[in-house]
Amino acid sequence: MHPRHEMITHLLKQQRYQEAEAHAIEHVRLFPIDGQGWVLLGEALLHQQNGEMARLMFERAHLLDPEATWMPSAYRELGKTPIGVVRQDIIDLLQTKPVSVSAAIIVKNEERCIKRCLDSIIGVFDEIVVVDSGSTDQTLSILTDYPTVKVHQTVWNDSFSQLRNEALARVTSDWVFWLDADEWLHPEDQANIRTAAALYSGLGHIIPVLHVGLINQVNGTEVCDYSVPRLFPVQRGLYYSGRIHEQIATQEEGIFTSNVLHKPTKIRVFHDGYEAFVKEDKDKFSRNIHLLRLMTQEEPENSGWWYFLGRETMSLGDYDNALDYLRKSEEYARANPKFGRMPEVYMMMTRILASRNEWEQAEECCRKALKLHPDFPDARYALAEMQMRKARLLLQEAEGHIEAAVEGFETYRGTVTADRDILAWKADILKADLLVHSGKIAEAGFLLKKVRQSHPKMMVLSNKLAFFDLQRRLLDQYNQQR
């Protein structure tokens, strides 16, 4: 937490709202891309019953931190707060210097969706640049309906980066925003593009690359992913590298950059290219595998290309080869600490190893991911899931041992006397515990009541049966509330 965050939070807790506001204003002037600073300013205004000005601050914070979990509660509080007065000094804080932004699109045979894409961005950008790599359908004809769109025709040379770099060379604006033809811009986020570009301009030697929220539409569901870089300044030496799954690179460092700041921003783009009918039509997987194999041949020590090849191969169900490719990615990543996808590499390896019941290796992959990011939710969840599976297997094994213990009394004739209580009641009580762990609470209760008939004074039974009575009452309450 930034020291000023702590101070402002302390003032808010002490209900010194005007002081908190003053410090928050100073902070956002100095650090306009710090979303938390805008949140704190919004809270200070909210507590002073100025709901509309607070709303503007929260919206700016949400633009800078689109995955924030605090937004629903903030809007609930806004609903309870008076609109308040318009304050020009607060509105002035939101003003940004104008920047020009172009949209760039690469296409080939996109008659299905290019109109939808262009209609979503006409009038939003200073220019729209489209590079076509040999369309044979009605794509070029559709483009003639948009006279302001700059169309450049080229040839396909097994490289999406080549196409993007050709488009980039024709962009004349300060910033470029990338769309694919099977995407369309969320109408609520049109103004956010210029605002985000302006806010992230002027970071000195740091080059901002902003990620959009890609709303993937698959089988009637929508999942938003903020890992897609789409907006960056043009005159900072950035270019694309890689035939497929092309990556933003710099001349000095290639795709593994140290002076590039990747940040998500609340610019949402719809995408339906993962729908089954689209993938089948374009045979994307075969094409991607072909291009990725070329890439690993050309740059065999590039951990990123092995990662993509492993991911693509895994999606086809070829787990053996996928695991080999992912291990190559891990091997080459050891010499390249700038490669940032290792947590995902480890999670894919975890999934493959767990599918083989190779639990120790799978857990080790999770722990490697957590060593990189101790708060990585996917690794924590995978560990819990695997340990639960192992627990179920152990419970099944324990059940077998209980049965064998009971049966052993028929055959065991050793010199050490066996504990007859196992046969009398211990085995049944332990079996009841196993039933509870397996979720079969009713069966466990019936078994314990059976044991109590022959051992009515056993205290351990009374305690366990009290637990079942409590569960029954809670279940009755649940059923009454449904």
Side-chain angles (χ1 to χ4, degrees), residues 67-77 79-80 218-224 347 350-351 353-360 362-363 365-367 369-370 374-410 418-482:
E67 298 175 282
T69 58
W70 49 262
M71 282 304 296
S73 61
Y75 277 108
R76 282 194 298 271
E77 292 303 314
K80 307 172 188 176
V218 183
N219 298 327
T221 64
E222 291 186 349
V223 178
C224 190
M347 296 319 298
T350 295
R351 180 180 167 190
L353 292 165
S355 72
R356 301 173 172 179
N357 293 333
E358 296 177 16
W359 304 113
E360 297 303 322
E363 288 187 14
C365 286
C366 285
R367 299 191 192 285
L370 290 170
D375 55 351
F376 185 36
D378 295 42
R380 292 291 181 189
Y381 180 84
L383 271 177
E385 190 175 37
M386 286 188 291
Q387 288 168 353
M388 286 182 65
R389 289 179 183 176
K390 288 171 64 177
R392 284 194 290 270
L393 293 174
L394 286 171
L395 289 173
Q396 292 172 5
E397 187 177 347
E399 185 177 3
H401 286 308
I402 294 173
E403 297 296 338
V406 173
E407 293 171 358
F409 282 93
E410 298 179 5
D419 182 357
R420 302 294 298 183
D421 285 342
I422 294 174
L423 185 63
W425 56 272
K426 283 184 176 179
D428 285 335
I429 288 182
L430 191 55
K431 189 181 295 184
D433 288 340
L434 286 177
L435 289 169
V436 170
H437 287 300
S438 301
K440 301 175 181 179
I441 296 179
E443 291 182 40
F446 287 130
L447 181 58
L448 289 177
K449 286 183 178 180
K450 179 181 176 182
V451 175
R452 187 171 62 177
Q453 290 176 356
S454 56
H455 299 79
K457 296 182 178 180
M458 191 175 294
M459 183 59 66
V460 66
L461 285 174
S462 300
N463 294 337
K464 288 180 178 292
L465 287 169
F467 164 78
F468 290 104
D469 288 338
L470 173 62
Q471 296 303 309
R472 179 183 55 76
R473 290 194 298 271
L474 292 174
L475 184 60
D476 290 341
Q477 292 176 13
Y478 169 77
N479 288 329
Q480 291 171 5
Q481 294 172 2
R482 291 181 61 184

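Note: hydrogens, waters and symmetry copies are ignored here, and every other heavy atom, side chains too, is used. Owing to the predicted nature of the structure, the values given are computational and were not obtained by experimental measurement.
In terms of heavy-atom proximity, F409 sits nearest to A418 at CE2-CB, 3.7 Å. Listed here is the closest heavy atom pair of A379 and A369: CB-CB, 4.1 Å. Across all non-hydrogen atoms, the minimal contact from R380 to P374 is NH2-O, 3.3 Å. What you find for A444 and A432 is that their closest heavy atoms are CB-O, 3.4 Å. Heavy atoms only, all atoms of each residue included: A68 and W70 are closest at CB-NE1, 2.9 Å.
Here the straight-line distance linking atom CG of L395 with atom CG of L435 works out to 10.0 Å at 0.5 Å rounding. R452 CZ to S462 OG: the interatomic distance, rounded to the nearest 0.5 Å, is 7.0 Å. Taking CZ of R420 as the start and CG of L423 as the end, the distance is 5.5 Å to the nearest 0.5 Å. Interatomic distance, T350 OG1 to E385 CD, rounded to the nearest 0.5 Å: 10.5 Å. How far CG of N479 is from CG of L474: 11.0 Å, rounded to the nearest 0.5 Å. One finds the CG atom of L430 at 10.5 Å from the CG atom of L447 (value rounded to the nearest 0.5 Å).
Residues meeting the side chain to side chain contact (heavy atoms under 4.5 Å, CB included) test with H455, sequence neighbours left out: A424, W425, V451, M458, L461.
Under a 4.0 Å N-O distance rule, the pair K390/E360 qualifies as a salt bridge.
More than 12 non-hydrogen atoms from other residues, nucleotides or ligands lie less than 6.0 angstrom from OH of Y75. Within 6.0 Å of CD on E222 lie more than 12 heavy atoms contributed by other residues, nucleotides or ligands.
Partner L353 forms a side-chain contact (heavy atoms from CB on, under 4.5 Å) with one of M386, E358, E363 and no other, that one being E358.
By the 4.5 Å heavy-atom criterion applied to side chains, R367 and L383 are counted as neighbours.
Counting only residues at least two apart or on different chains, no salt bridge (Lys or Arg N to Asp or Glu O under 4.0 Å) pair has a member in residues 439-451. Residue pairs that meet the side-chain hydrogen bond (donor to acceptor under 3.5 Å, both in side chains) test with at least one member in residues 427-436, sequence neighbours left out, are E403-K431, D433-K464.
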